[in-house]
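Quick notes on the structure that follows.
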Amino acid sequence: MADKYRIDSHKLIYHPRRVAEFLDGSDNWETAREIYPIYVELSPMGTCNHRCIFCAYDYIGYEPSAMEGPALIALLREMGELGVKSVHLAGEGEPLLHKQIVEAINAGHEAGLEFGITTNGTVINDRFIQEALAQVTWMKVSMNAGTAATYSQIHRCKEGDFNKAVTNLTRAVAFKRQHALATTIGAQALLLPENAEELETLAKLCRDEIGLDYLVIKPYSQHYSSNTHLYETLDYNDYLYLEELLTAYSTSDFQVIFRAKSMKKYAQPITERYATCYSTPFFQAHIMTSGELYSCPSFLKDERFLLGNVFESSFKEVWQSEKRKANIEYVRHGLDISECRHNCHMDQINVYLSDLMESRVPHVNFI
């Protein structure tokens with residue numbers, strides 16, 4: 001069964017107008033300054049109730065901070081007005097710990113934004129389910145094991161959190177079905193040596209007990225700033241046999257999406273696919289809990305990619321600033337992409353944009 005969500009691919013092809021604007025204006029600052037990101041990752045919380053052994057943002061330190069509610073709501077409304085399409089609530093901490101997350105989602109939805117949420121699922125409460133779930137396009141819960149004991153080991157939390165996540169997800173799915181919501185609810189697991197033998201158990205749990213729409217099995221990706229390097233040399237060729245076993249659990253109502261494409265290219269040098277990151281700083285952005293806006297989520301706390309602070313200036317002012325102009329020049333002509341994180345979110349998009357920008361296919365007018 002095909003990956004109907006295109007999780008192991010990309011969806012920029014569905015935004016031809018924004019791509020055309022980029023092709024026409026990316027080399028002209030007066031035009032480029034008005035090209036806003038389609039997708040923004042946003043971290044409403046700096047703290048997290050888990051300490052997952054693979055966490056890419058462990059170097060930031062899980063600071064006990066939160067965006068102020070009114071400022072967050074104003075920011076979301078502004079982004080909607082400027083033409084941002086989607087906001088992914090994730091980042092440094094657990095987004096559903098934010099005390100005004102319901103109000104923020106509802107305000108952003110009214111402004112035309114779509115929301116995706118990555119959460120560990122342990123703090124999903126009835127108010128969120130009843131008042132905000134309908135306004136969420138998708139919610140993906142990080143569940144990196146099929147048993148409480150292994151889950152506790154990987155998430156570095158109490159074993160009881162496994163059952164909390166399962167119970168909360170079951171309630172959310174029941175509410176979704178009762179009210180015929182369009183919200184997609186799924187789970188994801190990083191394929192690690194510790195959990196490889198439990199992923200069939202997890203697939204059964206997600207399909208038969210919780211009733212999720214999908215389960216994603218994805219590869220680890222080493223962040224160059226991470227404190228942890230435990231899985232840096234993980235060879236996914238040893239685990240590709242799991243694709244057939246796990247996708248066999250797919251049905252018409254449930255998909256196991258085994259990201260084999262990403263696993264196979266994990267050890268491949270980025271430069272074999274493209275030489276320039278064309279997506280940055282045009283199609284995505286990341287806003288930290290502090291309000292610092294970065295053009296690439298793989299380079300948080302890196303001054304080269306810091307554009308400004310959206311709580312000190314407006315999003316528009318930061319996006320149209322001289323720092324972003326300089327970042328365009330740097331990424332296009334100075335960045336060594338061998339520094340970049342393998343299998344980053346924009347990887348497939350960069351392959352696509354490179355084909356468009358560099359016309360690597362001959363005879364393109366013979367369509």
Side-chain angles (χ1 to χ4, degrees), residues 3-5 7 41-45 48-50 66 69 72-73 76 80 85-91 93-146 148 151 155 157-189 201-216 249-257:
D3 171 12
K4 70 177 182 180
Y5 303 104
I7 290 174
E41 292 184 11
L42 186 147
S43 179
M45 290 295 297
C48 187
N49 58 333
H50 286 184
L72 170 58
I73 289 169
L76 292 170
K85 301 290 186 184
S86 65
V87 171
H88 178 193
L89 298 173
E94 167 51 55
L96 296 188
L97 285 172
H98 196 284
K99 294 181 179 180
Q100 291 181 275
I101 200 66
V102 169
E103 290 82 357
I105 290 171
N106 288 332
H109 182 263
E110 289 175 3
L113 295 170
E114 291 191 58
F115 284 92
I117 301 175
T118 298
T119 170
N120 61 42
T122 61
V123 294
I124 296 172
N125 59 37
D126 287 338
R127 180 167 182 254
F128 168 79
I129 292 172
Q130 294 166 10
E131 299 181 26
L133 189 62
Q135 284 68 255
V136 174
T137 302
W138 56 263
M139 179 171 68
K140 188 186 301 176
V141 173
S142 182
M143 296 185 69
N144 296 283
Y151 177 93
H155 285 246
C157 64
K158 297 177 181 178
E159 286 194 15
D161 279 7
F162 180 76
N163 288 329
K164 281 185 183 179
V166 170
T167 299
N168 291 343
L169 272 174
T170 303
R171 286 174 25 249
V173 168
F175 184 87
K176 167 192 168 176
R177 291 175 175 174
Q178 180 183 356
H179 297 275
L181 304 186
T183 307
T184 299
I185 305 177
Q188 70 176 13
T201 300
L202 179 61
K204 293 175 187 176
L205 174 67
C206 291
R207 184 189 67 181
D208 301 334
E209 295 187 37
I210 304 174
L212 296 180
D213 295 304
Y214 65 78
L215 168 65
V216 176
Y249 289 93
S250 295
T251 66
S252 59
D253 299 317
F254 173 76
Q255 266 196 290
V256 175
I257 301 165

Between CG on residue L212 and CD on residue Q255, distance to nearest 0.5 Å = 13.0 Å
Nearest-0.5 Å distance that lies between atom CG in L96 and atom CG in N120 = 8.0 Å
Min side-chain heavy-atom separation [X]-[Y] under 4.5 Å:
X	Y	value
W138	E114	no
P44	I101	yes
L42	L72	yes
M143	L205	yes
T184	Y5	yes
F162	C157	no
N144	H155	yes
L215	F254	yes

ask   = Given the rule in the side chain to side chain contact (heavy atoms under 4.5 Å, CB included) test, do Q188 and T118 qualify, once you have shown the distances and angles that lead to the verdict?
value = CA-CA 9 Å; Q188 70 176 13; T118 298; 4.1 Å; yes
Over all atoms of both residues, closest heavy-atom pair of [X] and [Y]:
X	Y	value
F115	A104	CZ-O, 4.1 Å
Q135	E131	NE2-O, 3.1 Å
A132	N106	CA-OD1, 4.2 Å
A145	L202	O-CD1, 3.4 Å
L76	G108	CB-CA, 4.1 Å

task = Under the side chain to side chain contact (heavy atoms under 4.5 Å, CB included) rule, what do F128 and I105 come out as? Steps first, then yes or no, please.
result = CA-CA 10 Å; F128 168 79; I105 290 171; 3.9 Å; yes
key: side chain to side chain donor-acceptor pair (under 3.5 Å) partner of E94, chosen from T119, N49, T122   = T119
Okay, side chain of [X], backbone of [Y]: is any donor-acceptor separation there less than 3.5 Å?
X	Y	answer
N168	G121	yes
R207	Y249	yes
R177	G211	yes
D213	G186	no
K176	T183	yes

request  = Take I185 and L133, measure what side chain to side chain contact (heavy atoms under 4.5 Å, CB included) needs, and give me the verdict at the end.
outcome  = CA-CA 10 Å; I185 305 177; L133 189 62; 4.3 Å; yes
key: H179 and F175 aromatic ring geometry - parallel, tilted or perpendicular at 30°/60° bounds   = tilted
key: Between D161 and H50, a side-chain donor and acceptor under 3.5 Å   = yes
